[in-house]
Structures are given as C-alpha cells and as structure tokens.
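Predicted, not measured: the structure shown is a model, and the values here were computed from it.
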Amino acid sequence: MASLGVNLDHTATVRQARRTVEPDPVTLALMAELGGADGITVHLREDRRHIQDRDVELLRRTVRSRLNLEMAATAEMVAIALKLGPDMVTLVPEKREEVTTEGGLDVSAAGDGLRSHVQQLQSAGIPVSLFVDAEASQLEACARSGARWVELHTGGYADAPAAEQPLELAKLVEGCQRARQLGLRVNAGHGLTYQNVEPVAAIEGMEELNIGHTIIARALAVGLQEAVRQMKELVSRPRHEPLFGEGALLQNPLSLDAVAQP
Ligand code: PXP
C-alpha cells in the first residue's frame, strides 16, 4: 500500500504573494497530518520563492509524521539539510526560470559531486532520494551513487494525452521494477491528480507518492484536511482493475462527490 506525502509549497506561494505571514505552512502541515498525510514535503529553493528557512526549521520541530526536504544538490543546501536533519532529502534539478521542477536529475551525467552529496547526507543518517525519469540508465546511475531511494518523475504520465497514458504508465511500472531489482526503494510524484493517481498508487513496490498542486487546489474548495483525506483514500486503496479500456479508471475521473463518500 502506497503512502501519501503532501507537498505544501503552494501554501507558501500564497503567503509570499503578499510577503505576509499567512497562510502558514507550519499550521497547514498539522491539518494535512490530521487528514492522513504520511509525510510532509517542502522544497527549499535557492531563490526562496515560496518555502523559507524559517518554515523548514519550524516544520522540523512540529511535523509528527515525516519531513521530506526537497532541494537542489548544492553545497549550501547540503549544509542546511545536515543542520536540520529531515527524515529524507529528495534531490531535484533546479532552474531559476522554471515554474516548478521540470525534468528529473541527469544522474548518469552528474559525476562525483552528486555522489559526494549523497554520501555526506546518508552518512549523517539522512536517507537520500533522487528524482529521476523512469529510465534504466538513470536508475542504474542512482544505484551507483549510493542513494537508497528514487522518486520516479510522473510528469510524463500525467501530461500525456489519454491514448499515450498506458505507455507512460508502463514505463513507470518497469522503472519501479528495475529500481527495486537494483536495491532501490521507490517513491513517485509530479503532476498527479485525483483523476490520474490510482494506477500509479497501484504499482507494485511503490512506497510513497508526493503530491502538492492538486491537493492545495482542492483544499480551496473543501479545506486541506478534507482534501488530504480524499487523496489518502485513493492512494491507499486504489481500484486496481480495470486500468484502461471500456469504463476504465483513466476514462472515469472521480467526481468530488464520489471521492467524498465514506
Ligand atoms: N515531487 C517532486 C520532486 C516535485 O518537485 C514536486 C513539485 O514540487 C512534486 C513531487 C509534487 O508535484 P505536484 O505539485 O505536481 O503534485
């Protein structure tokens, strides 16, 4: 059964739009946990456009589930993570001009710098996850880096036209299998929604899904605790069959009402 990591970056984006004190991701992390979040994820970006240093410090002291710190593989961020001691670090590529994380890390091309960041963090007891596309060459490079986890990039699946989704899903299934053969543990995320999450949650060996935008969007309508509860239901109890075809899951997006039923 997959668990749910709730990404709270967008709550900080709203706050930073006015450079004020509300909404506070620290308070909202508690609401997400009350809704069933198994973990809280925040991305401390180099430009501090949403999550601030103060947020990660307070979240470290208040999160009772697990704190996953998403960050770029830089010396500055590694120093912050070593001081903070999150339950996991997820290394992602970061570009100032991007709206959100775009692609996965190119671990095969990354070389010794990345390996040394992974080693520094893991020898301090912080497991490292590498955000990558579900490609065999990347997964093999992840295993060589010494990282214990990968987060498979689900953006290709989420953004694919309906006709191509089965192929994109198959890549995730294969990637998950390959990663596990290599001894890696597997999370996934990016672009997952209430409509497309279940086939990914049903992948054998998938441990945690990191989901942000769709939950925060729904929270505006129903409140964060309820939005997390609805997503937790889908992630922890995905309907396995049928995934595709006549009347299948991917052509049958759940309505808000359907999800809200106990
Ligand atoms: N995983 C990673 C590595 C991400 O960068 C993001 C976006 O910050 C997510 C998961 C969550 O993506 P979304 O907001 O589209 O659910």
Side-chain angles (χ1 to χ4, degrees), residues 1-7 9-10 38-39 41 43 68 70 90-93 98-108 129-142 149-182 184-218 227 230-254 259:
M1 176 176 115
S3 58
L4 173 63
V6 176
N7 182 311
D9 294 350
H10 282 354
D38 300 292
T41 297
H43 184 173
N68 175 23
E70 218 185 278
T90 301
L91 295 178
V92 298
E98 69 194 356
V99 176
T100 179
T101 315
E102 282 168 358
L105 281 169
D106 189 354
V107 184
S108 10
S129 176
L130 301 177
F131 181 58
V132 287
D133 292 327
E135 287 167 13
S137 59
Q138 291 297 340
L139 297 168
E140 283 151 19
C142 289
W149 294 76
V150 286
E151 179 173 327
L152 300 181
H153 193 331
T154 50
Y157 160 78
D159 297 339
E164 287 164 31
Q165 272 189 336
L167 178 66
E168 294 298 327
L169 182 63
K171 287 185 197 166
L172 294 170
V173 172
E174 249 178 67
C176 185
Q177 271 171 5
R178 182 74 191 116
R180 287 170 62 83
Q181 282 163 0
L182 290 162
L184 295 159
R185 296 178 69 179
V186 184
N187 297 331
H190 212 284
L192 296 174
T193 65
Y194 291 84
Q195 286 75 34
N196 67 22
V197 72
E198 289 175 278
V200 179
I203 294 174
E204 198 168 329
M206 185 59 71
E207 296 205 36
E208 186 154 285
L209 301 182
N210 281 312
I211 306 178
H213 182 91
T214 201
I215 294 176
I216 303 306
R218 185 162 289 197
Q230 292 178 10
M231 182 57 82
K232 179 71 184 278
E233 179 80 11
L234 297 176
V235 168
S236 59
R237 278 193 284 165
R239 293 168 297 164
H240 287 246
E241 300 289 346
L243 294 186
F244 304 108
E246 192 72 18
L249 212 51
L250 291 180
Q251 277 83 52
N252 183 23
L254 294 171
V259 180

Exercise for the section: Inspect the surroundings of CD in E174 and state if more than 12 heavy atoms from other residues, nucleotides or ligands are less than 6.0 Å away. Expected result: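 Not more than 12 within 6.0 Å, no.
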Problem - Separation of N210 CG from L152 CG (nearest 0.5 Å) - result: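 One finds 11.5 Å between CG of L152 and CG of N210.
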Practice task
Report the distance from atom CD of Q177 to atom CG of L139, rounding to the nearest 0.5 Å.
Solution key: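 The distance works out to 11.5 Å.
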Any [X] side-chain heavy atom under 4.5 Å of [Y] side chain:
X	Y	answer
E70	F131	no
T214	M231	yes
I215	L4	yes
I211	V235	yes

Practice task
Mind running side chain to side chain donor-acceptor pair (under 3.5 Å) on Q138 and S108 for me, showing each step along the way?
Solution key: CA-CA 6 Å; Q138 291 297 340; S108 10; 3.1 Å; yes
Handout entry: Flag, side chain of Y157 to backbone of G191, donor-acceptor distance under 3.5 Å
Key =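 Answer holds: no.
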Exercise for the section: Would you check if the side chain of D9 reaches a backbone N or O of H43 as a donor-acceptor pair within less than 3.5 Å? Expected result: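 At least one qualifying donor-acceptor pair exists.
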Practice task
Could you pull out the closest heavy-atom pair between S129 and N187, with the gap in Å?
Solution key: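 Distance-wise, the nearest heavy atoms are OG-ND2, 4.3 Å.
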Handout entry: Heavy-atom closest pair, residues G205 and R180
Key =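 Heavy atoms of G205 and R180 come nearest at O-NH1, 3.5 Å.
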Practice task
Could you tell me how the ring of H153 sits relative to the ring of H190: parallel (under 30°), tilted (30 to 60°) or perpendicular (over 60°)?
Solution key: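 Tilted.
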Handout entry: K171 and E168 ion-paired at < 4.0 Å
Key =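 Between E168 and K171 there is a salt bridge, with a charged N closer than 4.0 Å to a carboxylate O.
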Exercise for the section: May I ask you to check whether T41 and N7 show a side-chain donor-acceptor distance below 3.5 Å? Expected result: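 There is no such pair (donor and acceptor under 3.5 Å, judged by atom type) between the side chains of T41 and N7.
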